[in-house]
There are 4 protein chains.
Amino acid sequence: MKNKKELRAEETRKKILSAAGDLFSEKGYNAVSIREIAKEAGCSHTAIYLYFHDKETLLYELSMPHLMQLRKRLELTLKKEDLTPEIKLKEIGMNFILFGLELGNMYDIFLKANASRVDEAAPVEEINELRISLFRLLREAIGEYLSIESSDQLLAYARIYFYTLHGIITTYTPLGEPLEELRNRLGQTFEEAIDILLLGFKEKRGTGK
Amino acid sequence: MKNKKELRAEETRKKILSAAGDLFSEKGYNAVSIREIAKEAGCSHTAIYLYFHDKETLLYELSMPHLMQLRKRLELTLKKEDLTPEIKLKEIGMNFILFGLELGNMYDIFLKANASRVDEAAPVEEINELRISLFRLLREAIGEYLSIESSDQLLAYARIYFYTLHGIITTYTPLGEPLEELRNRLGQTFEEAIDILLLGFKEKRGTGK
Amino acid sequence: MKNKKELRAEETRKKILSAAGDLFSEKGYNAVSIREIAKEAGCSHTAIYLYFHDKETLLYELSMPHLMQLRKRLELTLKKEDLTPEIKLKEIGMNFILFGLELGNMYDIFLKANASRVDEAAPVEEINELRISLFRLLREAIGEYLSIESSDQLLAYARIYFYTLHGIITTYTPLGEPLEELRNRLGQTFEEAIDILLLGFKEKRGTGK
Amino acid sequence: MKNKKELRAEETRKKILSAAGDLFSEKGYNAVSIREIAKEAGCSHTAIYLYFHDKETLLYELSMPHLMQLRKRLELTLKKEDLTPEIKLKEIGMNFILFGLELGNMYDIFLKANASRVDEAAPVEEINELRISLFRLLREAIGEYLSIESSDQLLAYARIYFYTLHGIITTYTPLGEPLEELRNRLGQTFEEAIDILLLGFKEKRGTGK
DNA sequence: TATGAATGAGTATTCATTCAT
DNA sequence: AATGAATGAATACTCATTCAT
């Protein structure tokens, strides 16, 4: 059980994360200043350094829960017994797209947090792991769909699937169109993209490589 | 025939462009400072303003030729009479991917230079036009491939094709892997991605929407 | 009661204002750099931005109190019942001269802050109002002195009175002679200038327009 | 007799002076760059340094002829035998006002070029002399008008006359209103100002100090 | 726990001036 | 006589971060 102080601290922490999340996703990491976040969070800018080692750490701590949640969602989808492999694969794709569009300008840390920052402790590592497990999920789902075992071919397919999903997200993410609007305008196209890809996968398998 | 002075000027100009190109594509436009470019180019930072009005102008002058060349290449490909529509469409895709990977971190001006900057005259406009004509090319090439006329459906297909190409570029562009290496490692996967997409398009058409 | 921090902040603020005031009035607004002010104030140049949004804001915050005080002083003078109109008018003139000479090279914002800068919100507006109310005061005081109602003629007289006052200020302001010295050397001449002007006004009225 | 080269050089020199004159008077000395002058003059910016040691020298060389001309004009006026002292004094005043308004933003070098630049050779000295001789003219004209010999009193009157003239010029000079417009709008007021001042002088003399 | 004060390094850009030709 | 190339010093302003309290 937590005492008052701890509760308040936690609350401040949350406010900072929330403010940072909104701002980062709206304007991008670089375009947001610490002071801006503090103002939005209703605390002093120095308070931020109480909870997060630096701006970058804040970013990582911020994106982590989202990524975790995404992974969980995708894992659940994959495990659902009552869905066909095709539907599962499609659902995974759409979920990923929506997740990416929600993250907005913050989405690209998903890629940028890479090995280059060797020294910098945990979070980057964690994100890497997440990315890896995400790929694994994609591979599994595709493998199930095409009834093939893990192989280079399957890896290639997973990559290709990722390219399209990633392409959709990064096409619209820097433009700042509200998610709902975008969904109405192009949701069907996104689904069609996935559809076509899956058809292509199947066809490719059928014809033999 | 040019005199010494002109030669030297041209050389400096080139050095600046080359330095800027390298740095922009490696670290991205915003992460590079004028002074950094100058140091890399072996001149004073003020010299840069002798040749380019602005940091932004430098960016445009740098990317414009690439974009023009790309358009020309794609247009030529589309016009080639001796190629099947399928091969043309594939070639267009691969060319676009390679062009994007070459631009590196500078690639995203392709997207970011959009209507929001109404005031900023010519170059942005030119890039917009380029983007538009690129889409038109994509649409035409797909239309030819699937033997369908311009329609909403065709627009959707062009978008989908673009998503995948764009996704490939933006997946690898921020990682800075040398183009040649990347090509060896994944060139085949890129081709396969296009392949699968085209198969998907065909299949989708066949089954009726 | 203020705590240490607040006291220190206030002190820094004052030091900046004082340094800026000295430098501006000595060398003029444009000839003084933020870093110069900081050095004189004994703080870093960034500290200045903690207290003032802008170099321009600093200027306004610096001159505004003077201007307000001047207006109040002139208004009080005009209202004094125990003074003859002549003495009031003279006092107003001398006060204005002294105020202008005190401002030194900063005096000219009084003129330069004009309508051209439409966008720049409050302070300019305030200065404009001040200038206007000053003219009104001048008009009133002269009207009282000459027993004439508001008219074009009165406006012309107010202008003429202003020219002389303004001329005195701008003659000595860029030379940087210390106020006290100047006053000793020429105070009598300034009074005589006003004297002569008032005699001239009277005479002009007497002879018929 | 001059050869071609010399003629051309002289022409370039004139063009530079003319361009600088226009620009300085329009925007003020500080707001005009050497390159701007060169462009306006149709020569390279380096050419300017062939004719003038530096920007400041250019300014002095530029204003000198104007000042000389003014002196000459005022001297001529003072010498005219067919004019009453009053009319001469008025004419001198109006001429000075018009000269100042014509100089525009360049007028204030008339004051600013003062002893502070001890080291800097001739031109400043010359301007000082000019200013002095101008004052002498004013004194003489007033002396004639009031039939008094040189004295402290006369000096004071000359100063006072100067204040008003100077005040008129510096009131309108930074606003950039075209001379002709200004003259139409306020020419009469300027004359009235002089009128009143002269009446005041007379009156003051009459009443005994 | 929390904050206001403070700062050094950095940003793009401008300018008067000099140098080599 | 004339010029384009080149530069060092300066400009206002921003930012992530640290320190004292």
Side-chain angles (χ1 to χ4, degrees), chain A residues 4-6 8-13 30-38 43-56 58, chain B residues 3-13 30-38 42-58, chain C residues 3-13 30-38 42-58, chain D residues 4-6 8-13 30-38 43-56 58:
Chain A
K4 259 192 219 166
K5 250 189 211 169
E6 279 167 334
R8 230 186 94 182
E10 207 161 311
E11 205 179 326
T12 307
R13 198 175 197 281
N30 279 314
V32 175
S33 78
I34 287 278
R35 291 183 128 88
E36 214 174 341
I37 297 170
C43 68
S44 80
H45 60 280
T46 45
I48 293 180
Y49 289 94
L50 252 43
Y51 296 97
F52 308 93
H53 179 259
D54 62 9
K55 199 184 166 192
E56 210 166 1
L58 172 53
Chain B
N3 62 23
K4 256 194 221 167
K5 226 188 246 177
E6 276 167 337
L7 281 174
R8 206 176 126 187
E10 212 163 304
E11 208 179 323
T12 306
R13 197 175 198 280
N30 279 315
V32 175
S33 80
I34 286 281
R35 289 180 134 89
E36 210 175 345
I37 297 170
C43 68
S44 79
H45 63 279
T46 48
I48 293 179
Y49 290 95
L50 247 43
Y51 297 95
F52 308 93
H53 178 261
D54 240 358
K55 195 184 167 193
E56 210 169 2
T57 304
L58 174 53
Chain C
N3 62 24
K4 257 193 219 169
K5 227 187 246 177
E6 276 167 337
L7 281 174
R8 207 176 125 186
E10 211 162 305
E11 208 179 324
T12 307
R13 197 175 198 280
N30 280 315
V32 175
S33 80
I34 285 280
R35 287 179 136 91
E36 210 176 343
I37 297 170
C43 67
S44 79
H45 63 278
T46 48
I48 293 179
Y49 291 96
L50 246 45
Y51 296 95
F52 307 94
H53 178 260
D54 240 357
K55 194 185 168 193
E56 211 170 1
T57 304
L58 174 53
Chain D
K4 259 192 219 166
K5 250 190 211 167
E6 279 167 334
R8 230 188 93 185
E10 208 162 311
E11 207 180 326
T12 307
R13 199 175 196 281
N30 279 316
V32 175
S33 78
I34 286 279
R35 292 182 127 88
E36 214 173 341
I37 297 170
C43 67
S44 80
H45 60 279
T46 46
I48 293 180
Y49 290 93
L50 252 43
Y51 297 98
F52 307 94
H53 178 259
D54 62 7
K55 199 184 166 191
E56 211 166 2
L58 172 53

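Convention: sequence-line order gives letters A, B, ...; per-chain numbering from 1. Remember, predicted model here, so these are calculated numbers, not experimental data.
Between the side chain of C:His45 and the base of E:dA9, at least one donor-acceptor pair of N or O atoms lies under 3.5 Å. One can find a donor-acceptor pair under 3.5 Å joining the base of E:dT13 and the side-chain atoms of B:Arg35. If you check distances only, the side chain of B:Lys55 never reaches the base of E:dT13 with a donor-acceptor pair under 3.5 Å.
Atom CD of B:Glu6 and atom P of E:dA20 are 20 Å apart (whole Å). A:Glu10 places its CD atom 12 Å from the P atom of E:dA2, with the value rounded to the nearest Å. Here the P atom of nucleotide F:dT11 and the CG atom of D:Asn30 are 12 Å apart, to the nearest Å. Rounded to an integer number of Å, the gap from CD of A:Glu11 to P of E:dA2 is 10 Å. Rounded to an integer number of Å, the gap from CZ of D:Phe52 to C1' of E:dA16 is 16 Å. When rounded to the nearest whole Å, the span between CG of B:Leu50 and C1' of E:dA16 equals 14 Å. In this structure, D:Leu58 atom CG and E:dC15 atom P are separated by 16 Å, rounded to whole Å. Regarding B:Ile48, its CD1 atom lies at a distance of 13 Å from the C1' atom of E:dT11, rounded to whole Å.
When the side-chain nitrogen and oxygen atoms of A:Tyr51 are compared with OP1 and OP2 of E:dT1, none of them lie within a distance under 4.0 Å.
Closest to the side chain of C:Cys43, from the set E:dA16, E:dA12, E:dT7, is E:dT7. Out of F:dA1, F:dT17, F:dT3, the shortest distance to the side chain of A:Asp54 is found at F:dT17. Closest approach to the A:Tyr49 side chain among E:dT17, F:dA16, F:dA5 is made by F:dA16 (side chain taken as heavy atoms from C-beta onward). Counting only heavy atoms from C-beta on, A:Thr46 has its side chain closest to E:dT3 among E:dT3, E:dT1, E:dG8. The side chain of D:Arg8 lies closest to F:dA2 when the candidates are F:dT18, F:dA2, F:dA6. You'll find that the side chain of D:Ser33 is closest to E:dA16, out of F:dA20, F:dA16, E:dA16.
Annotation: side chain of B:Ile34 is in contact with side chain of B:Tyr49 (closest heavy-atom distance under 4.5 Å). With contacts defined as side-chain heavy-atom distances shorter than 4.5 Å, the pair A:Leu50/A:Thr12 does not qualify.
Pairing of F:dA20, defined by two Watson-Crick or G-U wobble distances under 3.5 Å, is identified with E:dT3.
Comparing D:Thr12 and B:Thr12 along DNA chain F, the residue whose closest nucleotide (by nearest heavy atom) sits nearer the 5' end is D:Thr12. Toward the 5′ end of DNA chain F lies the nearest nucleotide of B:Ala47, the other residue of the pair C:Val32 and B:Ala47 mapping further downstream.
Residue contacts for B:Ala9: at a heavy-atom cut-off of 4.0 Å it reaches the sugar-phosphate backbone alone, with no base atom in range.
In plain terms, the two heavy atoms of A:Glu36 and A:Ala31 that are nearest each other are OE1-O, 3.8 Å. Nearest heavy-atom pair, B:Ile48 versus B:Ala38, reported as atom, atom and distance to 0.1 Å: CD1-N, 3.7 Å.
In this structure, OG in C:Ser44 is found 9.5 Å from CZ in C:Arg35, a value given to the nearest 0.5 Å.
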